[in-house]
Every structure is written in structure tokens, then in C-alpha cells.
Q: 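Just dropping this structure here.
We count ligands from 1, going down the list as the structure has it; atoms in each ligand are counted the same way. Numbering starts at 1 and runs along the sequence shown.
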Amino acid sequence: MSEIRRRDPRREWIVRNRLHAEHARALAEQGGGAASEWLGPSGLIRKYPHAIGFIGPNGIKRIDRSGAQQCGQAVGGARQAAQDRRRNVTIEAPAFLVAVVPDMPGGRLSNHDRDLLGLARRLADADPERPGAVLAVVFGELKEQGFGEAGIDRLLHLGDDTYVGFAPEARLAVLTAVERELAPRHWLLPDSPLGGADLGRRLALRLDERPATGVWQIEADAESPMGWRCTGRGGAESLDIQRPLPRVALALAECAEPVDETRHAAEALSLAEAILSALSRIEDLGHVAVDPAGVALAEAEFILSAGNGVKDWEGFHHAARVLGATEGASRVAVDDGFMARHRQVGATGTWVTARVYLAVGISGAIQHLQGIQGCDKVVAINLDPGCDMIKRADLAVIGDSAEILAALVAKVEQQRGGQRDAA
Ligand SMILES: Cc1cc2nc3c(=O)[nH]c(=O)nc-3n(C[C@H](O)[C@H](O)[C@H](O)COP(=O)(O)OP(=O)(O)OC[C@H]3O[C@@H](n4cnc5c(N)ncnc54)[C@H](O)[C@@H]3O)c2cc1C
């Protein structure tokens, strides 16, 4: 057999063309890690910059979380290919433990949680000869399936009602038991208003440690007692404070890259000793209902956003009320006078970070997509299956916006009616 490398120009063209129906498959067929690199027609190595985890021009590893530039099929295919390429890692006898207490809003790991787990992996994997294991302590009902992919070696789950909602005393009792029994080398919590910031400070007090807060970076430092130094925001966000990494650290979102190359065992763990029941002086009375219309766009968790494809404005506002969503808009909807200026989402409007962004009749212009990069899940309703918003969306519904919103409202009202009858 000749050793001459044969090229397939058509396949190369499909690999370059992100909108081609076979793009994802062709990309995956490049083989293993080469999915983000291939030999171009000129003989030069080409890079696919949107593949998960690529090295940016400044040498730093970047991740395109927005998916903004990718076609839906390619995103799914590339993500699937990336999942398949993950290396399985099992740490049988860890030299030490790095304990992480993720927020898990809604029973799922948030992006902030994943960044924190990435940070934990850096600490655990620093010495390949003596690797540590990442232990996650999670509370309440779980809907998350990807603990292993997020970098967790050991999972301690406490699903009891005692730990649901705002229960810092009960949770602290668990963390204290973990400390007594497993003595983790590091404790990492998200410095977030969802619970991590409060619990982390309580834990530090209980362990008699001075925590590092607002941490956004850690670096190896042989002169520090734990071998690491950290940088955190301080002085009301006005300055950076550097100090040796203490045992308890509360980190900000984007403190590290989330895990994307390995799949860990996420082995279930239980404590041998009984958890001492905590004296509970706090009663969680549940969430206070707020008017979604009064929530600032930048803080809204669920946004129903209208574009030029919305014609039935009464139906749109009614849908927002029934779904309990905060209203957003494209620039065209604002310029045409249908929505207030402060509702505009996008590069020249508000950058939003909703957990769910429902885009109704919005084409997905780059200026709009820039504003929704930080959203967890994007749902699109549009007549045009080829538009960029549909390519960006995690879930797409092709059809007339008025009809689909009306059907959605009817379904929700029917479900609520059923629940009321049952009660
Ligand atoms: C400097 C600059 C800054 C900008 N900043 C922003 C910004 O911050 N935010 C922003 O949004 N835009 C911004 N724009 C404008 C942007 O380029 C787009 O023009 C705008 O986002 C398009 O809005 P749209 O998607 O609502 O409208 P269109 O592009 O007209 O899209 C309408 C969509 O609705 C669909 N549709 C039509 N009828 C129906 C129906 N009955 N049911 C369902 N779907 C239907 C169509 O298929 C189409 O996809 C900016 C532009 C410039 C030049």
C-alpha cells in the first residue's frame, strides 16, 4: 500500500462548512482529538475553533459555551463527539480529598458549579503521582445526570427533606461530619447568593479557618503552605487580594474551566457516623412570589422575548403573565414601539443570563445572540427553520408564534386546572 496520504476534497469542504447536514459526522470522522483539527487543502493544519475546549490565540484554553456560531445539528453532533472522546478516570486510592459543595439550583449543576468543579480538579490533579479525588456533597432532589462528566470522583448525596430549601444549620451539620470523618484537604464552595456564599462562611467559622472569598484565580506557589496562592475580589469589588490558598475557598463563576476531557466515576459515598441533628433556629417559609414584570432583565431567570415575528401582542403579554416570565425584546420590536427600550436584549441592550430564554419570532442577528450568550437553555419559536436563532436554540418549535404561544398557554392552564382539581 502506498503511504501517500489521500485527500477527500468534498469531505474537507463538508468539515469546513458548519451548515452542511453532514458536518457533525464529518467532523467526528476526523477521529478522536482531531475533531477540532484537520489537514486543510493547502496542507496546513486547520482548527475548528468552536469545538469544545480549544486553545485561543493567546494560548489560553477557551470554551464556546454560547453555541452562537454553530448550527444546531453540528452543536449536538460535536458535543456528542466530545462526550465520546472523554477519557474515563477512576481514582481508587486518593492521596487526599477536595470537597466541593455545589449550589445545584433546581437539582442541576449550574455553570458556576461546573467552574468550581474545574477548580477542584486542578487542585486534585496537580501531582499526577499522588492524585486527589473530588468529593461533591449535594443536597435535596437531584435531576443532574452528568456528575462524572463534571469531574466528580465521589458523591455524597443527602436527599432528606431536612436539607431542602434554606437549611444552613442542617447542611452545616453534614459538612462538619464530613470534616470529622474524611478531613478533606480543601473545601470549595461557590461564592454565590444561591446558598454557597452563606454556607461557606458558616463552614469556615465552624472550622476556625479564615476563608478566601471572591476567588477567581489560583496559581501554584511552592512558598504557600498548601502549595497554592489565590486571587480574590475584595474591597467592594474594587481590588484584587492575593494570599496563600486557605483550606476554605469561596470562588466566583469562571474561576476555572469546567472539566471537558475526562469522565470520572462519581461513586456514591455515605458517611459511617451518624450526622448529629442540628438545632434548627431557621424556618424556611419558601420563596416570596414576585411580579416577573418587575424583575430586572439582567437578573431574570426565565425570559419570554419578542421579535419582529410577533404580531399578536396581546397574546404575547398574556403568555408572559401565564408562564410567569419576564418580557424581553429584539431591537426591531423596540424600534417599532411595541416594547419599552429597557426590554431590549442584545449588544446594545441588556446582556441576559436567564436559565431559560424563549425567543419568539426573533431571527438571531449577531447583536441579539451576543446578549444571550450567558443563557443556559434557549428555546426558539420561528417560522424559518434555517434562521440563526433556531441554530442557536437547544429546543426549536417551527410554526406561527401566535398559534404556538396560544397552545402553550392552553396547555399550562389545563395542567394548572388539573392540579387544582386534584388538590
Ligand atoms: C449597531 C447595531 C446594534 C444592534 N443591537 C441590537 C441589539 O442589542 N439587540 C437586537 O435584538 N438587535 C440589535 N440590532 C439589530 C439586529 O441586527 C437585528 O436587526 C434585529 O435583532 C432583528 O430583530 P428580529 O429578529 O426581531 O427581526 P427580524 O430579523 O425581522 O426577524 C423576525 C423573525 O421572525 C420570524 N417570523 C416572522 N413571522 C413569524 C411568525 N408569524 N411566527 C414565528 N416567527 C415568525 C422570521 O422568520 C424571522 O426569523 C443591532 C443592529 C446594529 C446595526
Q: Decide side-chain hydrogen bond (donor to acceptor under 3.5 Å, both in side chains) for Ser192 and Asp103; before the verdict, give the C-alpha distance in whole Å, the side-chain angles of both, and the deciding distance to 0.1 Å.
A: CA-CA 8 Å; Ser192 76; Asp103 279 333; 2.3 Å; yes

Q: Would the number of heavy atoms belonging to other residues, nucleotides or ligands and lying under 6.0 Å from CD of Glu219 be above 12?
A: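 Above 12, so yes.
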
Q: Starting from atom 30 (O) of ligand 1, which protein heavy atom do you reach first, and at what distance in Å?
A: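 Among all protein heavy atoms, the one nearest atom 30 (O) of ligand 1 is Asn308 ND2, 2.9 Å.
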
Q: Is there a polar contact between ligand 1 and Leu383, counting only N or O atoms under 3.5 Å apart?
A: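 Yes; at least one N/O pair falls below 3.5 Å.
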
Q: Where is the nearest protein heavy atom to atom 42 (N) of ligand 1: which residue, which atom, and how far?
A: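 Result: Ser401 N, 2.8 Å.
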
Q: Ignoring hydrogens, just give me the one of Arg331, His368, Gln370 whose non-hydrogen atom is nearest atom 4 (C) of ligand 1.
A: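 That would be Arg331.
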
Q: Is ligand 1 less than 4.0 angstrom away from at least one heavy atom of Ala347?
A: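 Yes, Ala347 has a heavy atom closer than 4.0 Å to ligand 1.
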
Q: Step by step, work out the side chain to side chain contact (heavy atoms under 4.5 Å, CB included) result for Lys377 and Leu395.
A: CA-CA 8 Å; Lys377 294 275 178 260; Leu395 177 71; over 6 Å; no

Q: Any idea which protein heavy atom is nearest atom 7 (C) of ligand 1, and the distance to it?
A: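 Protein heavy atom with the smallest distance to atom 7 (C) of ligand 1: Gln344 NE2, 3.1 Å.
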
Q: Identify which of Thr348, Val345, Leu405 has a heavy atom lying nearest to atom 9 (N) of ligand 1.
A: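 Nearest option to atom 9 (N) of ligand 1, by heavy atoms: Val345.
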
Q: Between Arg321 and Asp291, does at least one N-O distance fall below 4.0 Å, as a salt bridge requires?
A: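 Result for this pair is no, no salt bridge flagged.
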
Q: Got the closest protein heavy atom to atom 45 (C) of ligand 1, with its distance?
A: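 In this structure, atom 45 (C) of ligand 1 has Gly309 CA, 3.6 Å as its nearest protein heavy atom.
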
Q: Only heavy atoms count here, so choose which of Asp400, Asp388, Asn382, Asp384 is nearest to atom 48 (C) of ligand 1.
A: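 Selected option, by shortest heavy-atom distance: Asn382.
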
Q: Quick one: which of Asp312, Asp335, Val397, Val332 has a heavy atom closest to atom 20 (C) of ligand 1?
A: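 Nearest heavy atom to atom 20 (C) of ligand 1 lies in Val332.
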
Q: Indicate the ring-plane relationship of His317 and Trp313, choosing parallel, tilted or perpendicular according to the 30° and 60° boundaries.
A: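 Ring orientation, 0 to 90° scale: tilted.
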
Q: Tell me whether Gly371 reaches ligand 1 (any heavy atom closer than 4.0 angstrom to a ligand atom).
A: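 The answer is no: ligand 1 sits nowhere under 4.0 Å from a heavy atom of Gly371.
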
Q: Would Leu245 and Leu123 count as a side chain to side chain contact (heavy atoms under 4.5 Å, CB included) if you check the C-alpha gap in whole Å, the side-chain angles of each, and the deciding distance to 0.1 Å?
A: CA-CA 11 Å; Leu245 184 70; Leu123 294 170; 3.9 Å; yes

Q: For Glu179, is there an ion pair with Arg247 - N to carboxylate O distance below 4.0 angstrom?
A: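 Judged by the 4.0 Å cut-off on N to carboxylate O distance, Arg247 and Glu179 do form a salt bridge.
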
Q: Write out the residue and atom name of the closest protein heavy atom to atom 28 (P) of ligand 1, then the distance separating them to 0.1 Å.
A: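 Going atom by atom, the protein heavy atom closest to atom 28 (P) of ligand 1 ends up being Ser363 OG, 3.6 Å.
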
Q: So which protein heavy atom does atom 53 (C) of ligand 1 come closest to, and at what separation?
A: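 Ranked first by proximity to atom 53 (C) of ligand 1 is Gln367 NE2, 3.9 Å.
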
Q: Which is closest to atom 32 (C) of ligand 1 in terms of heavy atoms, Gly361, Ala402, Ala329?
A: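 When every heavy atom of Gly361, Ala402, Ala329 is considered, Gly361 comes closest to atom 32 (C) of ligand 1.
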
Q: Which atoms of ligand 1 are found less than 4.0 Å from any heavy atom of Gly399?
A: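 That gives atoms 42 (N), 43 (C) of ligand 1.
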
Q: Please could you name the atoms of ligand 1 that Gly349 approaches to less than 4.0 Å, counting only its heavy atoms?
A: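 Going through ligand 1 atom by atom, the ones under 4.0 Å from Gly349 are 8 (O).
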
Q: Inspect the surroundings of CZ in Arg210 and state if more than 12 heavy atoms from other residues, nucleotides or ligands are less than 6.0 Å away.
A: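 It does not: Arg210 CZ has 12 such atoms or fewer within range.
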
Q: Could you point out which residue of Val98, Leu269, Ile152 forms a side chain to side chain contact (heavy atoms under 4.5 Å, CB included) with Leu135?
A: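 When side chain to side chain contact (heavy atoms under 4.5 Å, CB included) is applied between Leu135 and each of Val98, Leu269, Ile152, only Leu269 qualifies.
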
Q: Can you tell whether the side chains of Asp153 and Arg121 come within less than 4.0 Å, N to carboxylate O?
A: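 Counted as a salt bridge, because a side-chain N and a carboxylate O are separated by less than 4.0 Å.
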
Q: Gly307 heavy atoms, cut-off 4.0 Å: which ligand 1 atoms fall inside?
A: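 So the answer, numbered in order with elements, is 26 (O).
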
Q: List the residues meeting ring-ring contact (aromatic ring centres under 6.0 Å, His included) with Phe147, not counting sequence neighbours, and say none if there are none.
A: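 Expected list: none.
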
Q: Can you list the ligand 1 atoms lying under 4.0 Å from a non-hydrogen atom of Ala365?
A: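 Going through ligand 1 atom by atom, the ones under 4.0 Å from Ala365 are 16 (C), 17 (O), 18 (C), 21 (O).
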
Q: Provide, to 0.1 Å, the distance between atom 26 (O) of ligand 1 and the closest protein heavy atom, together with that atom's residue and name.
A: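 The protein heavy atom lying closest is Ser330 OG, 2.6 Å.
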
Q: Is a salt bridge present between Arg108 and Glu144, judged by a nitrogen-to-oxygen distance below 4.0 Å?
A: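 The answer is no: the pair does not qualify as a salt bridge.
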
